[in-house]
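Here the structure comes first, spelled out in structure tokens, and everything after it is commentary.
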Amino acid sequence: MDTANVPWPKSLWAGVTPPGPDLPELKGSVEADVVVIGGGFTGLSTALHLREAGVDVAVVEAMEPGWGASGRNNGQVIPTLSRPDPEDIIKRYGAAGERLVGLIRDSASILFDLTRRYQIQAEAEQNGWIQPVHSPGRIKIAERRVRQWSKHGAPVELLSREQMRGLLGSDAWFGGFWNKTGGHINPLALARGLARVVLEQGGRIYARSPVESYERKGDRWIVKTKNGEVRARSLVVATNAYTGEFSKQLSPGIASEVMPVLSWQMATQPLSDEARKTIIPGRQSMSDTHGELYFARYDARNRLVTGGNVVGLGDKTERLKVMVAERLKRLWPQIGDVQFDYVWNGYVGMTADFLPRMHKLGPNAYGWTGCNGRGVALSVALGDEFSKVVRGVPESELALPFSEPVPIAAHGLMRLLAPFMLLVYRRRDAKEMA
């Protein structure tokens, strides 16, 4: 399959981002010190940090870098988890949880610093991430998060309803909080930029080469594709929500503990200068406390990049256009007519408790899954942690709380039912607003 024949989603990012590097398929048998499965943010970040340390690394990607979740998301760079707060993480993982909290706290800055260090042109804007609350009762969420993240050194600030109105240009929310290290990027441009840097640093990336399986033979890991294999001392599996999409045998333990949930993204036509004066005038990224999440940010061309979700039959794209246009006009009456030029989707890897999962898969083999909608900053930050663990850095120094994979019961059935959780979220949201 040629690069030109890879079926990219009809996303804003695919439409505006320069092509990535020309990459070979994996053919024959090759050797590496470390083999990484997956050319998304974690895989590419791991490879880059390994090359910075002089370690030979080969990345094997099923399609092209950024084809999966890393190139399909909204591009919000958020230095928190979606639901668990620092105390939840530390209660679950102990000392390793404390180190993970520190990594999450710094994750947005790690990403933006990386783009600046290597001059990756990814439309990066580090102007903050805002979480407004959609009902008076949920201000307690903001208060709790500010209290806990402040305790761990995060630059967070509680916002009144008036302050939120000034930042977002809307009366729809009742205050909230923000973290000044967050922001947004073009995620596909970031993935392609990371791929270029990995190559410049002497790493290897094989594309259009879905991994069918991996196994341990002697002191080597053997990663097999249809036309080739990589033999390596160490292995990192970085396929997240797409772990079981190309081969059910790839890593069934990881695939069965994460729920791939379809997430829809949308981009409006460019907003007028007049509208942008009052609609998120500081260009921060925003995602609120609705279960059916309301979120938005600008891209470099002044499109408002947002999204939504629908269940049931019919043309979901057209239904989304109508529903989200009405939502935007309700949130920002000054926006005028809303037209969407792009609507696309991709999987988000969800776990039952909204916590990520890190695993030892065997001698010198590691993997993780469960971004839970916060994967942009966290995935990039985890790359350095995985590069360290395969180089022998003690676990006591790393933000990797390892556990055994625990499959979601009736995974196949739950995958069919997962989209209907949207109805539950809507009911909860409406009940609290009443």
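Here the NE2 atom belonging to His184 is positioned 5.5 Å from the CZ atom belonging to Arg283, to the nearest 0.5 angstrom. Distance check: Trp173 CH2 to Ile139 CD1 gives 13.5 Å after rounding to the nearest 0.5 Å.
The closest side-chain donor-acceptor pair between Thr80 and Asn179, if any, does not fall under 3.5 angstrom. Gln131 and Arg145 share a donor-acceptor pair across their side chains, judged by distance under 3.5 Å alone. If you check the side chains of His411 and Ser256, you find no donor sitting under 3.5 Å from an acceptor. For the residue pair Asn372 / Ser82, no side-chain donor-acceptor distance below 3.5 Å is found, with atom types taken as modelled. No side-chain donor-acceptor contact under 3.5 Å links Asp85 and Gln148. In summary, the side chains of Arg196 and Gln201 do not present any donor paired with an acceptor at a separation below 3.5 Å, with no hydrogens or angles considered. Side chains of Gln265 and Ser263: a donor on one and an acceptor on the other come within 3.5 Å. Side chains of Tyr214 and Ser251: a donor on one and an acceptor on the other come within 3.5 Å.
Using a 30° and 60° split on the angle between ring planes, Trp344 and Tyr342 fall in the perpendicular class, above 60°. Ring pair Tyr366/Phe386 is tilted by interplanar angle, where 30° to 60° counts as tilted.
Figure legend: cation-pi geometry between Arg144 and Trp149 absent, as NZ or CZ is not positioned both under 6.0 Å from the six-membered ring centre and within 45° of its axis. A cation-pi arrangement is absent between Arg303 and Trp13, since the terminal nitrogen or guanidinium carbon is not both under 6.0 Å from the aromatic centre and inside a 45° cone about the axis.
For Tyr347 and Trp67, the ring centers sit 6.0 Å or farther from each other.
Contact of the Leu167 side chain with the Gln284 side chain is registered, since non-hydrogen atoms from C-beta on lie closer than 4.5 Å. Under the 4.5 Å side-chain criterion, counting only non-hydrogen atoms from C-beta, His152 is not in contact with Ile104. Using a 4.5 Å cut-off on side-chain heavy atoms (C-beta onward), Ser379 and Trp368 make contact. Put simply, the side chain of Phe246 reaches to within 4.5 Å of the side chain of Met63, judged on heavy atoms. Glu397 is not listed as a side-chain neighbour of Arg99, based on a closest heavy-atom distance of 4.5 Å or more. With a 4.5 Å cut-off on side-chain heavy atoms, Asn186 and Asp299 do not count as touching. Gln334 has its side chain within reach of Ile279: a pair of non-hydrogen atoms, C-beta onward, lies under 4.5 Å apart.
Annotation: Asp337, atom CG; neighbour count of heavy atoms from other residues, nucleotides and ligands within 6.0 Å does not exceed 12.
Annotation for Ile408 and Glu257: closest pair CD1-O, 3.6 Å, computed over non-hydrogen atoms. Shortest non-hydrogen contact noted between Pro79 and Val77 is CD-O, 3.7 Å. Scanning both residues, Leu190 and Phe41, for their nearest heavy atoms gives CD2-CE2, 3.6 Å. The minimum heavy-atom distance between Lys329 and Val338, with the atom names listed, is CG-CG2, 4.0 Å.
By the 4.0 Å N-to-carboxylate-O rule, Glu292 lies close enough to Arg327 to be salt-bridged with it. In summary, Arg117 and Glu52 engage in a salt bridge, as defined by a charged side-chain N under 4.0 Å from a carboxylate O. A salt bridge does not link Asp88 with Lys91: every distance from a Lys NZ or Arg NE/NH1/NH2 to an Asp or Glu carboxylate oxygen is 4.0 Å or more. Classification of Glu318 and Lys321 as a salt-bridged pair holds, one side-chain N sitting under 4.0 Å from a carboxylate O.
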(request) May I have the step-by-step check of side-chain contact (heavy atoms from CB on, under 4.5 Å) for Val55 and Arg391, ending in yes or no? (result) CA-CA 8 Å; Val55 178; Arg391 287 187 283 122; 3.7 Å; yes
(message) One pair to check against ring-ring contact (aromatic ring centres under 6.0 Å, His included): Trp129 and Phe177. What are the steps and the verdict?
(response) CA-CA 9 Å; Trp129 169 71; Phe177 86 106; 5.7 Å; yes
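Each of Thr42, Val57, Leu44 was evaluated against Val36; a single residue qualifies, Val57, per the side-chain contact (heavy atoms from CB on, under 4.5 Å) test.
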